[in-house]
Amino acid sequence: MLIKDFLSRNSAGMIGAVLVVLACLVGISGPWIVPDPDAAFQTDIVNRLRPPSMEAWMGTDHLGRDVFSRIILGTRGALGVAFIVVAASMILGVTVGTIAGYEGGVLSAILMRITDVFLAVPQLILALALAQLLKPSYLTVVVALSLTYWPFFARTAYAETKRIASGLFVEALFSIGASRRRILCYHVLPNIAPAIIVRATIGIGFVILTAAVLSFLGMGAPPPTPDWGVAVAESRQFLPEAWWFALFPGIAIYLVVLGFNLLGDALRDFVDPRIRRSS
Amino acid sequence: MATFLFGERWPCFSRLRDVTVLPDLGYGSMVRYIAVRLLSLIPSLFGLILLTFIMLHAVPADPVTSLAGENASPEQVAELRARFGLDKPLVEQFGIYVWQILQGDLGNSIFSNRPVLEEILARLPATLELITFALVLAAFVGITLGTIAAVRHNGPIDNIVRAVTISGLAIATFWVAIILQMVFSMELNWLPLRGRFDVAYPAPPLITGFLLIDSLLALDLTAFGIAAQHLAMPMITLAIPAIATIARFTRSGVLETMQKEFVDYASAVGYRRNRLIWIYVLKNSLSVVIMQLGLLFGALIGGAVAIEAIFDWPGIGSYAVNAILNFDYKAVLGVTIIIGIIYGIVNIIVDIIHAFVDPRLREGI
């Protein structure tokens with residue numbers, strides 16, 4: 001009911017939801033829906049750099065592999081990394097943020113100071129450095145991005161918790177002897193959840209983009225893993241002739257990130273009536 | 001622009017603005033404010049150095065082995081290690097490093113063996129030029145788009161602007177850079193593919209470090225043209241996400257301001273609509289946008305890393321990428337620290353501008 005209400009109100013959010021669901025389906029079922037699994041991995045020098053045709057809808061790359069199949073197969077990696085990074089950052093960030101927001105005092109000051117220091121680190125440079133030092137793989141990308149992304153969740157959780165914790169009902173709970181853990185887990189957390197979910201939805205799009213930059217610069221998934229960022233990087237030597245090789249992976253990134261951003265925006269409008277009114 | 005940003009006096013209007021006009025603060029309190037803010041940077045910077053240092057050294061990788069090459073004997077590796085001070089315990093290394101920084105020395109690059117600070121300062125103007133012009137472009141386009149969208153609220157133009165801004169935040173800038181290169185350099189041959197200036201043409205004398213400004217100061221229009229051509233694509237690419245962010249915040253700010261009573265009053269007493277919107281409404285709406293500028297600056301420095309690498313822009317972003325590829329700890333640390341300092345200073349400047357534009361905030365100073 002709530003979902004129907006939400007979608008009927010917001011056509012942009014609807015488009016976003018459709019894109020996200022499609023991307024997730026492709027990510028899950030990738031290996032089974034690919035037109036020709038062999039064409040995605042096997043080198044076929046005779047058919048290298050062929051323009052889009054009926055056999056290869058998006059052309060072939062410099063090793064004769066099918067660009068379309070590799071885009072389909074790359075979805076899982078991109079989404080997987082983004083989901084894990086956002087989940088890990090969310091757990092760490094929300095823990096730090098709620099504790100700092102509820103406690104106040106010295107502990108809060110220290111926690112938020114640490115958060116600010118992490119925020120001041122140039123995210124991409126640190127992620128690149130970590131990825132390079134740990135040898136490129138999906139795991140390093142996940143570690144590097146989680147370490148640099150959690151402060152955003154901590155900030156949101158902190159601000160929201162502070163707002164909720166000043167409410168009368170928290171004071172009432174405290175006065176009837178509810179434990180700190182009970183107040184935080186059963187009363188504060190559900191109240192800050194909407195803001196966190198909005199942050200997470202937009203965060204997935206953001207992490208997909210950052211992870212793509214890492215692979216583009218050669219510090220993501222090692223070849224021959226199908227990856228959108230790597231594909232754009234590899235295409236550079238064959239431009240402008242092999243335009244399809246550069247164009248389509250970028251469009252794939254765009255559509256998936258667009259989906260998450262549209263959905264996140266719609267969720268925010270839905271959750272926060274104040275913004276809903278002004279837009 | 002300057003009077004518009006820093007507030008001219010409108011006697012007839014001052015009572016109408018829905019802000020409490022506070023007495024202007026004296027020169028002394030401003031200096032004190034800036035001093036306090038600068039001092040508060042020190043613990044943050046220390047934290048930043050500590051954090052980066054720990055992260056770079058916690059991982060099991062060894063720059064010396066890769067620098068010495070595969071054929072190096074254990075003695076050679078040990079000697080290199082000793083030369084860079086990497087044989088000492090980590091705590092001692094950190095202590096030495098912080099002591100060096102306090103003396104204004106960021107150490108020597110493991111790779112080129114030149115002072116890191118010198119290398120970074122030589123490349124800093126290129127990055128600052130790129131970021132500054134990208135930010136100016138983004139502010140100009142973003143504020144215009146956002147205001148038009150708010151005025152034509154829910155109309156077709158608003159929808160187009162919304163589509164543009166949402167796309168701007170969803171698009172991968174490295175991909176845009178490559179598509180632009182493909183179209184405008186490789187196919188049409190209008191703009192240079194990479195670099196910051198033409199090697200065949202004498203560079204303008206170094207004054208500000210910004211090639212566009214230096215060539216104008218030298219009255220060398222050819223050099224200005226060359227510099228502008230090289231700047232165009234990286235600047236536009238970098239500006240795209242910033243345009244989107246600024247347009248969004250401008251739009252919501254203007255929409256909010258237009259509901260205020262002073263707008264109704266001003267239009268009732270006969271202020272022309274364009275003047276009312278583009279001067280009075282906009283001035284009251286930009287507060288949110290200015291707050292975003294500091295964050296945007298940080299985002300642009302991050303974005304510049306990939307863009308500089310693609311366009312061979314000789315700034316600190318491409319320097320950082322090379323340093324990372326070469327396992328050059330000192331250089332990576334140095335870049336991080338310099339960016340941290342710049343980021344801190346920019347945020348202080350943004351807060352000061354903000355206080356100028358929005359008198360409500362001066363109370364907090």
Student: Chain B heavy atoms under 4.5 Å from A/Phe206: which part of the residue, side chain, backbone, both or neither?
Tutor: neither
Student: What part of B/Leu51 lies closer than 4.5 angstrom to a heavy atom of chain A: side chain, backbone, both or neither?
Tutor: side chain
Student: State, with a plain yes or no, whether a side-chain heavy atom of B/Leu325 is found less than 4.5 Å away from one of A/Met219.
Tutor: yes
Student: Taking B/Trp175 for the side chain and A/Ala246 for the main chain, is one N or O donor matched with an acceptor at less than 3.5 Å?
Tutor: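 Flag set: sc B/Trp175 to bb A/Ala246 pair under 3.5 Å.
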Student: Less than 4.5 Å to any heavy atom of chain A: does that hold for the side chain of B/Ala172, its backbone, both, or neither?
Tutor: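 Both the backbone and the side chain of B/Ala172 come within 4.5 Å of chain A.
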Student: When you check the gap from the basic side-chain N to the acidic O, do B/Arg248 and A/Asp265 get nearer than 4.0 Å?
Tutor: yes
Student: Side-chain contact test, heavy atoms from C-beta onward, threshold under 4.5 Å: evaluate it for A/Leu258 versus B/Ile166 and give yes or no.
Tutor: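 Yes. Closest side-chain heavy atoms under 4.5 Å.
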Student: Please tell me if the side chains of A/Trp243 and B/Ile179 come closer than 4.5 Å, counting only heavy atoms from C-beta onward.
Tutor: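 No, side chains not in contact.
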Student: Among B/Ile171, B/Asn347, B/Ile301, single out the residue with the greatest number of heavy-atom pairs under 4.5 Å to chain A.
Tutor: B/Ile171
Student: Contact part of B/Ser167 toward chain A, heavy-atom cut-off under 4.5 Å: side chain, backbone, both or neither?
Tutor: both
Student: Using a cut-off of 6.0 Å, state whether more than 12 heavy atoms not belonging to B/Phe184 lie near its atom CZ.
Tutor: no
Student: Please report the shortest heavy-atom distance between A/Leu217 and B/Ala309, naming the atom on each side.
Tutor: CD2-CB, 4.2 Å
Student: Are the side chains of A/Pro240 and B/Gln181 in touch, meaning some heavy atoms are under 4.5 Å apart?
Tutor: no
Student: Minimum heavy-atom separation for A/Gly229 and B/Phe174, please, with both atom names.
Tutor: CA-CZ, 4.2 Å
Student: Would you find more than 12 non-hydrogen atoms of other residues, nucleotides or ligands less than 6.0 Å from A/Phe245 atom CZ?
Tutor: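 Enclosed: over 12 neighbouring heavy atoms sit under 6.0 Å from CZ of A/Phe245.
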Student: Between A/Leu247 and chain B, with a heavy-atom cut-off of 4.5 Å, which part of the residue counts as in contact: side chain, backbone, both or neither?
Tutor: both
Student: Contact part of A/Leu126 toward chain B, heavy-atom cut-off under 4.5 Å: side chain, backbone, both or neither?
Tutor: side chain
Student: Heavy-atom distance under 4.5 Å to chain B: side chain of A/Asn261, backbone, both or neither?
Tutor: side chain
Student: Less than 4.5 Å to any heavy atom of chain A: does that hold for the side chain of B/Ile310, its backbone, both, or neither?
Tutor: both
Student: Given that the side chain runs from C-beta out, which part of B/Val183 has a heavy atom under 4.5 Å from chain A: side chain, backbone, both or neither?
Tutor: neither
Student: So which part of B/Leu48 gets closer than 4.5 Å to some heavy atom of chain A, the side chain, the backbone, both or neither?
Tutor: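 When you check distances to chain A, atoms from both the backbone and side chain of B/Leu48 fall under 4.5 Å.
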Student: So which residue, A/Thr210, A/Leu255, A/Leu124, A/Ile114, ends up with the most heavy-atom pairs under 4.5 Å with chain B?
Tutor: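 So the answer, after comparing A/Thr210, A/Leu255, A/Leu124, A/Ile114, is A/Leu124.
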Student: Could you grab the distance from atom CD1 of A/Ile125 to atom OH of B/Tyr319, nearest 0.5 Å is fine?
Tutor: 11.5 Å
Student: Using the side chain to side chain contact (heavy atoms under 4.5 Å, CB included) rule, take B/Ile178 and A/Phe216 through it: C-alpha gap first, then chi angles, then the decisive distance, then the call.
Tutor: CA-CA 11 Å; B/Ile178 283 172; A/Phe216 174 77; 3.4 Å; yes
Student: Determine the minimum heavy-atom distance between A/Leu209 and B/Leu169, stating which atoms define it.
Tutor: CD1-O, 3.5 Å
